[in-house]
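Have a look at the structure below, then the notes.
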There are 4 protein chains.
Amino acid sequence: MSPPSPPPGKRRTDPERRQRIIDVTLEVVAQHGVAGATHRRIAAAADVPLGSMTYHFAGMDELLALAFTQLAQKASAEFRAGLDRVETREEAIAAVVDIIAGDVWAQPATLLLSYELYAFAARNPDLQAVMRGWMAASRQALGRWFDPLTARALDALVEGIGIHNSIDREPLDRAAIEEIVRRVAT
Amino acid sequence: MSPPSPPPGKRRTDPERRQRIIDVTLEVVAQHGVAGATHRRIAAAADVPLGSMTYHFAGMDELLALAFTQLAQKASAEFRAGLDRVETREEAIAAVVDIIAGDVWAQPATLLLSYELYAFAARNPDLQAVMRGWMAASRQALGRWFDPLTARALDALVEGIGIHNSIDREPLDRAAIEEIVRRVAT
Amino acid sequence: MSPPSPPPGKRRTDPERRQRIIDVTLEVVAQHGVAGATHRRIAAAADVPLGSMTYHFAGMDELLALAFTQLAQKASAEFRAGLDRVETREEAIAAVVDIIAGDVWAQPATLLLSYELYAFAARNPDLQAVMRGWMAASRQALGRWFDPLTARALDALVEGIGIHNSIDREPLDRAAIEEIVRRVAT
Amino acid sequence: MSPPSPPPGKRRTDPERRQRIIDVTLEVVAQHGVAGATHRRIAAAADVPLGSMTYHFAGMDELLALAFTQLAQKASAEFRAGLDRVETREEAIAAVVDIIAGDVWAQPATLLLSYELYAFAARNPDLQAVMRGWMAASRQALGRWFDPLTARALDALVEGIGIHNSIDREPLDRAAIEEIVRRVAT
DNA sequence: GATGAATGAGGGTTCATTCAT
DNA sequence: GATGAATGAACCCTCATTCAT
């Protein structure tokens, strides 16, 4: 059995189109918020005809759900990638510090998207499942080096320090972050 | 017998009106998100004519800013209230655990509002100032019992565990939270 | 019998108020057009409470009618003043040239008001009477020196050249105007 | 039998729609003034959904500008048409008298529109260019038979007598108009 | 007499969505 | 399959006007 692919026949420049719309959706949300993410704006940003929006996606909700899901999965993958390549507990601690202080979550756009994601997920059961999966994956990755409670604590720390650093005018530096991480990791 | 109340639909004196609109705004945001917080919806929920919206507030942005500011200030006040009445460091630790595990942030609506608040604040300089004030107040309250770095770490922990507990199907219990708090608080 | 004055008792800073509103109305119309002449804008420009608007005048239509009537009467008076002081036919011709080339109608604001006035008068019988009175007065003033047909022709010329000069990038100079006036005045 | 027309309220193909809206706009302006020309009123008069207004035109200003531009161009074309078909100077004079006394500008609606046009143009640079073009075309048409100064004077006369005749209870008759035109045309 | 608070009607505009092509 | 034209619901906001004071 072949995977469920679009029926063969007259496929044009399609395949990337759908994905590009999803990617652009996140950009638009980052810039204008969920409230400002309209079909028109996304279509314009993706350089796609307006009709494509409702043709490819049932509605904004579905599109947002898809976009946020991909965001969560990508973030989760990056999180695990950072931890999977380490060999010792010391390196694992360093990896956690990297994640908190690193470029990924330090980017204002990414953090902004996470706020929008949380708010959206709170009203969307599908996204809640995605987020629980994300959390579970993070804890599993941490679980290689830390006991379950510590893993959860570290995961929460990543979240909390990330948010506060984005608001704070003087974010915590690497040394301070490491100090805290070490306290939590016994 | 209750005092003679003005016939509904024709009351001209309603001093708390303005404040009620602000309160209702938060309820509507909690229920429908910032994206779904429209003048009409809020007016209906507050049982107020539509014209009152732009009469009392320059626009949705101002109204949201006011509502979120009050939310932040109320949350900040509750945070400090929990810490200001303690007399020992042990009690302070218990208070932090209370805050994390307690009713305030455990309410889904409150957490949801905080996501919306973060997203909104990221695009609104006034709210950023409010949030920095909130963070500063929290750290000051914690500063009575903990050194600055620990205070920041605990504050981040409150944030992170709160968020994760709201997503998690099996939130951390008091004992687990206390264990983590004690690790951070040396 | 005394003239119909407001009943004595508690008169404050009233008398000029009403007239000032009328004057300011013309300024607002000149700046924003009849379409943009709102109670609020006029009240703000006249530094008068909004409630004064509907207190002193039955509605915008009445206020506009009053304002335009005063404008017409003032313009008419100036027109006659220019002609009444002349002693010879030659001076009368010079006066007509003065009116056309002069400062009064050359001011963009004044001409703009006349357009608005014409448009308004076309839909307001009272103003039509005012304008007919204005025309009659002009012709009467001209009638001292010119036969009826010539008077009407000169009056039309004042109108037509005035308008065209306001549109034209190179308005007719005094000499050209005088040449035309002399042709019409036999 | 008439051809099968689409059921009302559900027609999707209406190529002249845009132009009809422009035409109807002038009718609405003639009836209610620029101040009373609203999207809703025009849409109703043109039997067109409200959404069509801002779909076809960027805003009321653009719509008014288009409508007035077409009015000016049509008036200009008629003016020239009257003069272009004459063969002698005598006929040219007769043509000018026709224009002044004729049906075009004698219609109250047309004159009313010209007032609104002048007022609108005074606040709209694009329309000023249109009006200057109109004036230039008129003078060029007159220029075939009259020297430049006379051409301008006759043009102004058309304007002035037209306006005054519309206000006057006893408009000038053809003979009187001809007498004045002849004076101006040397 | 005079006014500031309040309102509901109506303003322009944006939007997701539909549908003929 | 894909799209551009079109729509009507809903948006935020301004307005003249009312009314208790």
Side-chain angles (χ1 to χ4, degrees), chain A residues 6-14 17-18 35-43 48-61 63, chain B residues 6 9-15 17-18 35-43 48-63, chain C residues 6-14 17-18 35-43 48-61 63, chain D residues 6 9-15 17-18 35-43 48-63:
Chain A
K10 278 179 72 180
R11 258 185 307 171
R12 283 291 168 63
T13 51
D14 246 22
R17 171 100 100 205
R18 211 183 112 94
T38 68
H39 276 166
R40 295 177 131 73
R41 205 147 19 201
I42 295 166
V48 151
L50 180 57
S52 277
M53 290 292 119
T54 45
Y55 178 74
H56 286 292
F57 308 97
M60 271 301 311
D61 245 52
L63 178 51
Chain B
K10 273 292 174 186
R11 60 201 143 145
R12 303 292 296 240
T13 53
D14 191 355
R17 165 106 95 215
R18 211 184 113 95
T38 68
H39 275 166
R40 287 174 154 74
R41 194 122 57 180
I42 296 166
V48 149
L50 179 57
S52 278
M53 291 294 117
T54 44
Y55 174 72
H56 286 292
F57 309 97
M60 270 303 310
D61 242 51
E62 180 183 311
L63 177 52
Chain C
K10 278 181 69 179
R11 259 186 305 170
R12 282 290 168 63
T13 52
D14 245 22
R17 171 101 99 205
R18 210 182 113 94
T38 69
H39 276 165
R40 294 176 132 75
R41 203 143 25 199
I42 296 166
V48 151
L50 179 57
S52 277
M53 291 291 120
T54 44
Y55 177 74
H56 286 292
F57 308 97
M60 271 302 311
D61 245 51
L63 178 51
Chain D
K10 271 291 174 187
R11 61 200 141 148
R12 303 292 297 240
T13 53
D14 191 356
R17 165 106 96 215
R18 213 184 110 94
T38 69
H39 275 165
R40 286 171 160 77
R41 191 124 58 182
I42 295 167
V48 150
L50 178 57
S52 278
M53 291 292 118
T54 44
Y55 174 74
H56 286 291
F57 309 96
M60 271 301 311
D61 242 51
E62 180 183 310
L63 177 52

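Residue numbering restarts at 1 for every chain, and letters A, B, ... go by the order of the sequence lines.
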Provide, to the nearest angstrom, the distance between the [atom1] atom belonging to [X] and the [atom2] atom belonging to [N].
| X | N | atom1 | atom2 | answer |
| --- | --- | --- | --- | --- |
| R40(C) | dC13(F) | CZ | P | 14 Å |
| M53(D) | dA5(F) | CE | C1' | 15 Å |
| I42(A) | dT14(E) | CD1 | P | 17 Å |
| D61(A) | dT17(E) | CG | C1' | 15 Å |
| M60(D) | dT13(E) | CE | P | 9 Å |
| H56(A) | dA2(F) | NE2 | C1' | 8 Å |

Among [options], which is the nearest nucleotide to the side chain of [X]?
| X | options | result |
| --- | --- | --- |
| Y55(A) | dG1(E), dC15(F), dT3(F) | dT3(F) |
| S52(A) | dA6(F), dT3(F), dC12(F) | dT3(F) |
| P49(D) | dC12(F), dG8(F), dG4(F) | dG8(F) |

Which residue lies more 5' along DNA chain E, comparing L50(D) with H39(A) via nearest heavy atoms: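 Of the two residues, L50(D) wins.
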
When the nearest nucleotide of DNA chain E is assigned to G51(D) and to R41(D) on a heavy-atom basis, which residue is associated with the more 5' position?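 That would be R41(D).
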
Quiz item: R17(B) side-chain donor-acceptor pair to dA6(E) base, under 3.5 Å: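 No such pair is found, so the answer is no.
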
Under 4.0 Å between a side-chain N or O of T54(A) and OP1 or OP2 of dT17(E)?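 Looking at the OP1 and OP2 atoms of dT17(E), neither is under 4.0 Å from any side-chain N or O of T54(A).
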
Could you check if a side-chain atom of H56(B) sits within less than 4.5 angstrom of a side-chain atom of L63(B), using non-hydrogen atoms only?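 A side-chain contact is absent here, since even the closest heavy-atom pair is not under 4.5 Å.
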
Where is the tightest heavy-atom contact between R17(D) and P49(D), given as atom of each residue plus distance?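 Smallest interatomic distance, heavy atoms only, reads NH2-CD, 4.2 Å.
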
Grab the two heavy atoms, one from F57(B) and one from E62(B), that are nearest each other, plus how far apart they are.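 Residues F57(B) and E62(B), closest heavy atoms: CA-OE2, 3.7 Å.
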
Donor-acceptor contacts, no H, no angles, side chain residues 35-42 of chain C, under 3.5 Å, sequence neighbours left out:
| residue | atom | partner | partner atom | Å |
| --- | --- | --- | --- | --- |
| T38(C) | OG1 | R41(C) | N | 3.1 |
| R41(C) | NE | G36(C) | O | 3.0 |
| R41(C) | NH2 | G36(C) | O | 3.1 |

What would the secondary structure line of DNA chain F be in dot-bracket form, counting Watson-Crick and G-U wobble pairs under 3.5 Å, with [ ] for pairs that cross earlier ones and | for pairs with another strand? .||||||||||||||||||||

